[in-house]
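Predicted model only: the values in this text are computed from it and were never measured. Residue numbers count from 1 along this sequence.
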Amino acid sequence: RTNKYLEYAIRNPDRMKLVGIAELNDIRRHAVASKFGLKPEECFADYERFFENPVPADAILIGTPENMHFEPCMKAIEAGYNVLLEKPIAQSLPECCRIAEAARRKGVIVGVCHVLRYHPYFIKIKEIVDWERSYQSATSQPWGSTEPHTDSSAACGAARRSPTRC
């Protein structure tokens, strides 16, 4: 997924500039460094080394494996970086709450990537769901049902009004 952000940086150099990389794989790290003209002191074999010698940046993208988001995210927050974090945020609700609390305390933003919503496959699914909803609204009947249509938006609204608090 991180490659999509790198592609964006290549297409939009006036909006995004890669200023450092932490990548375990030597081949990938060197390829990215070459493509973006990074100096050796801007390239790190792992995120621990990066945080020992941080590169000035507006934000950090964390694209570690899904079970390894928490620790680098917390280190980034403590270092004062805004964070763009691949999902899932963390492996447990308490870890998510710790991330939220640390971000509030440090005054940084933690954004969570939900880029697949723009993938053509998911756009098509949304079109179908939207069409079904408009059909149900027009007929007041779900497809193939003789039961009255029940709008679930009230339950969704209630859930939005009382989210889990950290």
Side-chain angles (χ1 to χ4, degrees), residues 1-134 156 159-160 163-164 166:
R1 288 173 240 164
T2 304
N3 287 334
K4 291 297 179 191
Y5 296 101
L6 297 178
E7 290 172 16
Y8 180 86
I10 290 169
R11 288 191 315 267
N12 300 280
D14 56 319
R15 301 193 76 191
M16 182 177 170
K17 179 181 179 188
L18 187 70
V19 296
I21 183 170
E23 168 60 61
L24 293 172
N25 182 293
D26 289 338
I27 295 170
R28 281 195 300 253
R29 185 174 60 255
H30 292 300
V32 170
S34 175
K35 186 178 275 187
F36 287 90
L38 298 176
K39 301 172 191 161
E41 61 269 19
E42 298 167 330
C43 301
F44 304 88
D46 60 53
Y47 68 84
E48 293 284 351
R49 288 193 177 96
F50 171 85
F51 288 112
E52 291 169 4
N53 302 290
V55 173
D58 297 324
I60 289 183
L61 168 64
I62 296 177
T64 54
E66 292 177 355
N67 64 336
M68 297 178 64
H69 290 175
F70 178 73
E71 188 176 328
C73 184
M74 290 298 286
K75 287 183 177 288
I77 292 168
E78 290 306 319
Y81 289 103
N82 294 306
V83 178
L84 184 57
L85 182 61
E86 283 290 342
K87 58 187 180 311
I89 297 168
Q91 294 295 298
S92 68
L93 180 58
E95 285 182 346
C96 292
C97 290
R98 286 181 57 199
I99 288 171
E101 290 163 1
R104 278 193 294 270
R105 186 178 68 254
K106 289 296 275 191
V108 299
I109 297 168
V110 175
V112 182
C113 301
H114 292 284
V115 296
L116 287 180
R117 76 174 76 171
Y118 301 109
H119 188 280
Y121 175 81
F122 292 102
I123 290 172
K124 188 62 174 175
I125 289 173
K126 183 177 182 326
E127 288 173 4
I128 292 167
V129 169
D130 288 348
W131 182 86
E132 182 179 346
R133 284 183 180 156
S134 66
C156 293
R160 283 192 300 273
T164 300
C166 295

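- The shortest heavy-atom contact between L38 and G20 is CD2-N, 3.9 Å.
- Between E95 and R98, no side-chain nitrogen of the basic residue sits less than 4.0 Å from a carboxylate oxygen of the acidic one, so the salt-bridge criterion is not met.
- Of the possible donor and acceptor atoms, none in the side chain of D46 sits under 3.5 Å from a partner among the backbone N and O of L24.
- Residues F44 and E23 form no side-chain contact, since every pair of their non-hydrogen atoms from C-beta on lies 4.5 Å or further apart.
- Using a distance-only test at 3.5 Å, with no hydrogens or angles considered, a donor-acceptor pair links the side chain of N25 to the main chain of I27.
- The shortest distance between side-chain heavy atoms of C113 and L85 does not fall below 4.5 Å.
- Few gaps surround CG on N67; more than 12 heavy atoms of other groups in view lie less than 6.0 Å from it.
- Between I60 and F50 the shortest heavy-atom distance is CD1-CE2, 3.6 Å.
- When side chains are defined from C-beta on, L84 does not count as touching I62, because their heavy atoms never get closer than 4.5 Å.
- In this structure, the side chains of F36 and V19 stay at 4.5 Å or more apart for every pair of heavy atoms.
- Taking the six-membered ring where the residue is Trp, Y81 and F51 present perpendicular rings, their angle passing 60° and hence far from 30°.
- Here the shortest heavy-atom pairing between E52 and P54 reads C-CD, 3.6 Å.
- In this structure, the side chain of N82 engages the main chain of D58 through a donor-acceptor pair within 3.5 Å.
- Salt-bridge formation is detected for the pair E78/R105: a Lys NZ or Arg NE/NH1/NH2 atom is positioned less than 4.0 Å from an Asp or Glu carboxylate oxygen.
- H69 contributes a side-chain N or O that, together with a main-chain N or O of E86, makes up a donor-acceptor pair within less than 3.5 Å.
- Of the inter-residue distances, the one linking L6 atom CG with L61 atom CG reads 8.0 Å to the nearest 0.5 angstrom.
- C43 contributes atom SG, which lies 8.0 Å from atom NE2 of H30 (distance to the nearest 0.5 angstrom).
- For the atom pair K75 NZ and I77 CD1, the distance stands at 12.5 Å (nearest 0.5 Å).
- You'll find the side chain of I99 reaches within 4.5 Å of the side chain of V110, heavy atoms only.
- Other residues, nucleotides and ligands contribute over 12 non-hydrogen atoms within 6.0 Å of the CZ atom of R11.
- More than 12 heavy atoms of other residues, nucleotides or ligands sit less than 6.0 Å from atom CD1 of I10.
- Taking all atoms of both residues into account, the shortest heavy-atom contact from G80 to K106 is N-CE, 4.4 Å.
- The structure places CD of Q91 at 11.0 Å from CZ of F70, a figure rounded to the nearest 0.5 Å.
- Of all non-hydrogen atoms in R29 and A45, the two that sit nearest each other are NH1-CA, 3.4 Å.
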